[in-house]
Visitor: 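Before I ask anything, here is the structure I am working with.
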2 protein chains.
Amino acid sequence: MVQCQPARLDASFAALSDPTRRGVLEQLGRADASITALAETFHMTLTGMKKHVGVLEQAGLVRTQKVGRVRTCKLGPRGLEQEAAWIEKYRQLWAERFDQLDIVLEELKGKEKANGRKKRK
Amino acid sequence: MVQCQPARLDASFAALSDPTRRGVLEQLGRADASITALAETFHMTLTGMKKHVGVLEQAGLVRTQKVGRVRTCKLGPRGLEQEAAWIEKYRQLWAERFDQLDIVLEELKGKEKANGRKKRK
DNA sequence: ACTATACTGAACCATATGGTTCAGTGTCAG
DNA sequence: CTGACACTGAACCATATGGTTCAGTATAGT
């Protein structure tokens, strides 16, 4: 019941948790690229990069197409809407909790005296 | 160069890639909870849940405080700003790429007849 | 035809992850 | 004091992850 939407988030967040893969997405944001090109950028074997691309592809974050002997990778069909939505939901919860000030008070204690307002930096 | 910000994103995206941990965040969004309470919600041993909480804590997504014999978990100091920012950046890249229509055209092909409509950059 | 290129797949390796059990330790209730 | 409770830590297990090498296969260029 505490099921939070599909397992799709699992795959995409996991895909995003690796710096190389985030880098790949950034590179693909600038231009499409072959596996070889990506492998060179990240100083990695072709095979290794292909695995990363596989992970990204499975998460729907990139898609690839092989023409001739080169496989071209592009930013993939999904735009990370669900992930953004989940994060927004969390941020909202977070904000609400902090508005309820059982935590805010903790935060303030020590920074500000329960006095007049010394909002000076 | 292709370094995409600190390794902080590694930890938080990895933390978010597990459904149990996302569930824990949601539960903590409603109310603070002890390890025991969380473990019960997710039908898991105390030890197992403690590990999850550890991961979340290390990612800065929750923080805990032990008073007496119970450790209370709260939504933690960070609000996922950096993660939201990264995702936004990606979504922008994604939108730009699609605006450049080398992909959009692919998308349209089959949905729309090629009867003389021409967009050019 | 020959060779270099670009990928692919299998196998392997070290480490990390998600979970468990078991044996504690410290704290509250009576 | 005694026992139950809430957690903690170590050890273990199976599987996943991030990377490699090596041995292919298919295509492109000359």
Side-chain angles (χ1 to χ4, degrees), chain A residues 2-4 7-28 31-74 76, chain B residues 2-4 7-28 31-74 76:
Chain A
V2 190
Q3 279 290 41
C4 17
R8 153 119 351 124
L9 291 177
D10 290 25
S12 41
F13 280 135
L16 292 177
S17 73
D18 183 278
T20 298
R21 283 189 298 256
R22 288 196 304 275
V24 166
L25 288 179
E26 296 192 352
Q27 174 161 353
L28 293 182
D32 297 349
S34 67
I35 306 274
T36 299
L38 293 171
E40 277 169 4
T41 303
F42 296 93
H43 316 96
M44 187 177 298
T45 60
L46 260 187
T47 310
M49 180 50 72
K50 202 197 159 230
K51 281 195 186 179
H52 280 303
V53 169
V55 171
L56 288 165
E57 197 168 9
Q58 201 138 357
L61 301 179
V62 315
R63 57 175 160 181
T64 71
Q65 186 185 4
K66 190 166 185 178
V67 33
R69 54 184 170 173
V70 32
R71 175 174 299 276
T72 301
C73 311
K74 318 168 181 279
Chain B
V2 190
Q3 278 292 41
C4 15
R8 154 119 350 121
L9 291 177
D10 290 26
S12 42
F13 280 135
L16 293 177
S17 73
D18 183 277
T20 299
R21 281 188 301 254
R22 287 195 304 275
V24 166
L25 288 180
E26 296 191 353
Q27 173 161 353
L28 293 183
D32 297 348
S34 67
I35 306 275
T36 299
L38 293 171
E40 278 169 3
T41 303
F42 295 93
H43 315 96
M44 186 175 300
T45 60
L46 260 186
T47 311
M49 180 50 73
K50 204 200 156 227
K51 281 194 186 179
H52 280 304
V53 169
V55 171
L56 288 165
E57 197 168 10
Q58 201 138 357
L61 301 180
V62 315
R63 56 175 162 182
T64 71
Q65 185 185 6
K66 191 166 185 178
V67 34
R69 54 185 168 171
V70 33
R71 175 173 299 277
T72 301
C73 311
K74 316 167 182 280

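These numbers were taken from a predicted model, which means no experiment stands behind them. Each chain gets a letter, A, B and so on, in the order the sequences are listed, and its residues count up from 1.
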Visitor: Roughly how many Å is it from CE in B:Met44 to P in D:dA6, rounded to a whole number?
Guide: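 Rounded to the whole Å, the gap is 18 Å.
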Visitor: Report yes if at least one side-chain N or O of B:Lys51 is closer than 4.0 Å to OP1 or OP2 of D:dG9; otherwise report no.
Guide: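 For D:dG9, OP1/OP2 do not have a side-chain N/O of B:Lys51 under 4.0 Å.
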Visitor: What is the distance, rounded to the nearest whole Å, between atom CZ of B:Phe42 and atom C1' of C:dG18?
Guide: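 Distance, rounded to whole Å: 15 Å.
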Visitor: Touch check for A:Leu46, heavy atoms < 4.0 angstrom, all strands: base, sugar-phosphate only, or nothing?
Guide: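 Counting heavy atoms under 4.0 Å across all strands, the contact made by A:Leu46 includes a base.
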Visitor: Taking the nucleotide of DNA chain D with the nearest heavy atom to each, does A:Gly68 or B:Arg71 sit closer to the 5' end?
Guide: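 Upstream on the strand: B:Arg71.
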Visitor: Does the D:dG9 base have a donor-acceptor partner in the side chain of B:Thr47 within less than 3.5 Å?
Guide: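 Checked by distance alone, the answer is yes.
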Visitor: Distance criterion of 3.5 Å, no angle test: do you see the side chain of B:Thr45 paired donor-to-acceptor with the base of C:dG19?
Guide: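 Result: no qualifying N/O pair found.
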Visitor: Starting at CE of A:Met49 and ending at C1' of C:dG9, how long is that distance when rounded to a whole Å?
Guide: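 Atom-to-atom, A:Met49 to C:dG9, this comes out as 18 Å.
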Visitor: Could you tell me which non-hydrogen atom of B:Leu56 sits nearest to which non-hydrogen atom of B:Ala15, and how far apart they are?
Guide: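 Here B:Leu56 and B:Ala15 meet closest at CD2-CB, 4.1 Å.
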Visitor: May I ask you to test the B:Leu38-B:Met44 pair for a side-chain heavy-atom distance under 4.5 Å?
Guide: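 Sidechains of B:Met44 and B:Leu38: no contact.
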Visitor: Closest approach to the side chain of A:Asp18, judged atom by atom: which nucleotide of C:dT5, C:dT8, D:dG19 is it?
Guide: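 Between C:dT5, C:dT8, D:dG19, the one nearest the side chain of A:Asp18 would be D:dG19.
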Visitor: Walk me through it: do A:Met49 and A:Thr41 pass the test side chain to side chain contact (heavy atoms under 4.5 Å, CB included)?
Guide: CA-CA 10 Å; A:Met49 180 50 72; A:Thr41 303; over 6 Å; no
Visitor: Is the backbone of B:Leu16 close enough, under 3.5 Å, to the side chain of B:Arg21 for a donor and an acceptor to pair up by distance?
Guide: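 Looks like no, no N/O pair under 3.5 Å.
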Visitor: How many whole angstroms separate atom NZ of A:Lys66 from atom P of C:dG9?
Guide: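 Between P of C:dG9 and NZ of A:Lys66: 8 Å.
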Visitor: Taking the side chain of A:Arg69 as its heavy atoms from C-beta onward, which of C:dT20, C:dG26, C:dA6 lies nearest to it?
Guide: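 When the side chain of A:Arg69 is considered, C:dA6 is the closest of C:dT20, C:dG26, C:dA6.
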Visitor: Can you tell me the distance, in whole Å, between the NZ atom of A:Lys50 and the P atom of D:dT17?
Guide: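 In whole Å, D:dT17 P and A:Lys50 NZ are 16 Å from each other.
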Visitor: Tell me, with the steps shown, if A:Phe42 and A:Gln27 meet side chain to side chain contact (heavy atoms under 4.5 Å, CB included).
Guide: CA-CA 10 Å; A:Phe42 296 93; A:Gln27 174 161 353; 3.7 Å; yes
Visitor: If each of B:Ser34 and A:Ser17 is mapped to the nucleotide of DNA chain D with the nearest heavy atom, which maps nearer the 5' terminus, i.e. the 5' end?
Guide: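 Going by which nucleotide is closer to the 5' end, it is B:Ser34.
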Visitor: Between D:dG19, C:dG18, D:dC5, which nucleotide has the shortest distance from any of its atoms to the side chain of B:Arg21?
Guide: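 In terms of side-chain proximity for B:Arg21, the closest of D:dG19, C:dG18, D:dC5 is C:dG18.
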Visitor: Send over the distance from A:Ile35 CD1 to C:dT5 P, rounded to a whole Å.
Guide: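 Rounding to the nearest Å, CD1 of A:Ile35 and P of C:dT5 are 18 Å apart.
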Visitor: D:dG18 P sits how many Å from A:Leu38 CG, rounded?
Guide: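 Nearest whole value for this atom pair: 16 Å.
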Visitor: Counting heavy atoms from C-beta on, name the nucleotide in C:dT8, C:dG26, D:dG19 closest to the side chain of A:His52.
Guide: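 Closest of the options to the side chain of A:His52: D:dG19.
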Visitor: Could you state the CG-C1' distance from B:Asp10 to D:dG18, rounded to the nearest angstrom?
Guide: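 Value for this atom pair: 13 Å.
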